[in-house]
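Structure first, commentary second.
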Amino acid sequence: MDEEKIDENEWGYHGEGNKSLVVAHAQEVVQLPLDFVKQLCLKVQSERPESRCDKDLDTLSGYALCLPNLARLQTYHFAEHRPILCVEIKPKCGFIPFSSDVTHEMKHKVCRYCMHQHLKVATGKWKQISKYCPLDLYSGNKQRMHFALKSLLQEAQNNLKIFKNGELIYGCTDARGPVADRRELARHLKPFFFPSNGLAGGPNCTRAVIRELVRVITRVLLSGSDKGRVGALRLGPGPQGPRVCEASPFSRTLRRQGKNSPECSGLPKGCLLYKTLQVQMLDLLDIEGLYPLYRRVERYLEEFPEERKTLQIDGPYDEAFYQKLLDLSTEDDGTVAFALTKVQQYRVAMTAKDCSIMIALSPCLQDTRSDQRPIVPSSRSRFTFSVSVLDLDLKPYESIPHQYKLDGKIVNYYSKTLHAKDAAVMPTRFKESEDCTLVLHKV
Ligand SMILES: O=P(O)(O)O[C@@H]1[C@@H](OP(=O)(O)O)[C@H](OP(=O)(O)O)[C@H](O)[C@H](OP(=O)(O)O)[C@H]1OP(=O)(O)O
Ligand SMILES: Nc1ncnc2c1ncn2[C@@H]1O[C@H](COP(=O)(O)OP(=O)(O)OP(=O)(O)O)[C@@H](O)[C@H]1O
């Protein structure tokens, strides 16, 4: 920061430990010298993935967000000398739309993530289709959750990153490939999960280590107390819409085995996944039902542009804004007020559909008690952990038309791909039946 401009009044006492005194900046946003920003840009340029380099850092504003490093443990700030593992998951939308405004039948069967995969591969964003399905992760069923996490480990895309002591050791920077392979990952993880035994290397070791990681992450994701205000956003007695996505390889395998649908355990109410899903489900109408309401607000704003502030389109996202989110009625009375409430709820839901969960784990000593801090056990180890949510800046009002177009594109492309696949299978079927006919001919 520019020394001359640093003002002590913008800083406040935060706390202190044995060695450090911690002060926090009054704003979130901090001011930076322009030269520093320019130099920083040059320094990090070579490390940026090619696919992101079309975007330049804003070197002229001189402002930046100052955030805690969530790859570090958030419950135990002064234990930084202990090794820290951090798993970042971007789970995406965990439910299938239940709105009656949905016109594409496919959207009631296959989740958006699984459909979107086909478009992403076709456009070269990723190389191959992932077996990950958010509905498996959000199912609360351990078997399904393990499958979802293993699928993320196979094909991380931008949905999984793993950091060791703050440094990225596993994940994808872009379609050109992963940062490391599973064997290398297991080598990094082994001291965390098998600290004192000489587990031999090789594929069995890799499998054992990955299994431990998957189990620990599942336990953490299912943990949590039922505190916090998100409880107020509960959408009724239980989850709505289908609980299984027809495209998930997990449910497809079960169907092939004659089991209709996998067991749905449901998520414990206090856990972060449950809370995230509740917020995502504020998207009550789906983009198809929402878009005409957005148009209504737009028409109103065209006529009364000065109202933009009163309607809190660009914030402030304060108590009054929060209170409006609680009105879950879907009965349209034709007013701008109704349309605006649904638009704002949609923006909040979209934010929750795109946020990331950071799970930081640090091995703890055998005598650490779980009433001192949250602890998750693995077979041979115990970890103290913290869970944080990242990327919660509200999705802009202006992105709604883009959402509407993208939705149509995703569904149409998916339907077209399925159709093409069916058509490709058909001639084979005819061929098979012709072969059969030949066998049955009289001789
Ligand atoms: O629309 P989606 O589902 O593709 O989500 C976008 C993300 O793509 P993903 O599917 O996760 O690979 C996309 O992620 P990437 O930049 O592709 O890693 C962004 O998070 C984007 O948000 P924003 O527009 O930058 O605020 C996200 O856009 P929003 O739809 O959340 O606005
Ligand atoms: N406070 C933080 N602590 C640790 N890592 C962070 C923090 N904020 C961001 N990151 C890292 O930087 C990445 C990008 O951050 P973020 O998702 O907030 O950017 P974004 O531009 O909003 O991305 P997108 O729009 O693609 O979701 C995250 O995936 C995470 O790995």
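In listed order, ligands and their atoms are each counted from 1.
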Any side-chain donor-acceptor pair under 3.5 Å between [X] and [Y]?
X      : Y      : value
Tyr294 : Gln403 : no
Tyr397 : Arg308 : no
Ser130 : Gln157 : no
Gln278 : Lys275 : no

Lys/Arg-Asp/Glu bridge criterion (N-O < 4.0 Å) met for Lys90, Asp391: no
Listed by chain and number, what are the ring pair (Phe, Tyr, Trp, His ring centres under 6.0 Å) partners of Phe192, not counting sequence neighbours? none
Could you pull out every protein residue that has a heavy atom closer than 4.0 Å to ligand 2, ordered by chain and then number? Leu67, Pro68, Asn69, Leu70, Ala71, Glu88, Lys90, Lys161, Phe163, Asp354, Met358, Leu390, Asp391
Return a table of donor-acceptor pairs under 3.5 angstrom between the side chains of residues 35-43 and protein atoms on other chains or two or more places apart.
none

For Tyr346 and Tyr291: C-alpha separation, side-chain torsions, deciding distance, then whether ring pair (Phe, Tyr, Trp, His ring centres under 6.0 Å) applies. CA-CA 10 Å; Tyr346 177 78; Tyr291 188 66; over 10 Å; no
Kindly compute the distance separating NE2 (His146) from CG (Asn141), expressed to the nearest 0.5 Å. 9.0 Å
Those residues with a heavy-atom separation under 4.0 Å from ligand 1 are Arg52, Lys90, Lys92, Arg112, His116, Lys120, Lys125, Asn158, Met350, Asp354, Lys395, Gln403, Leu406
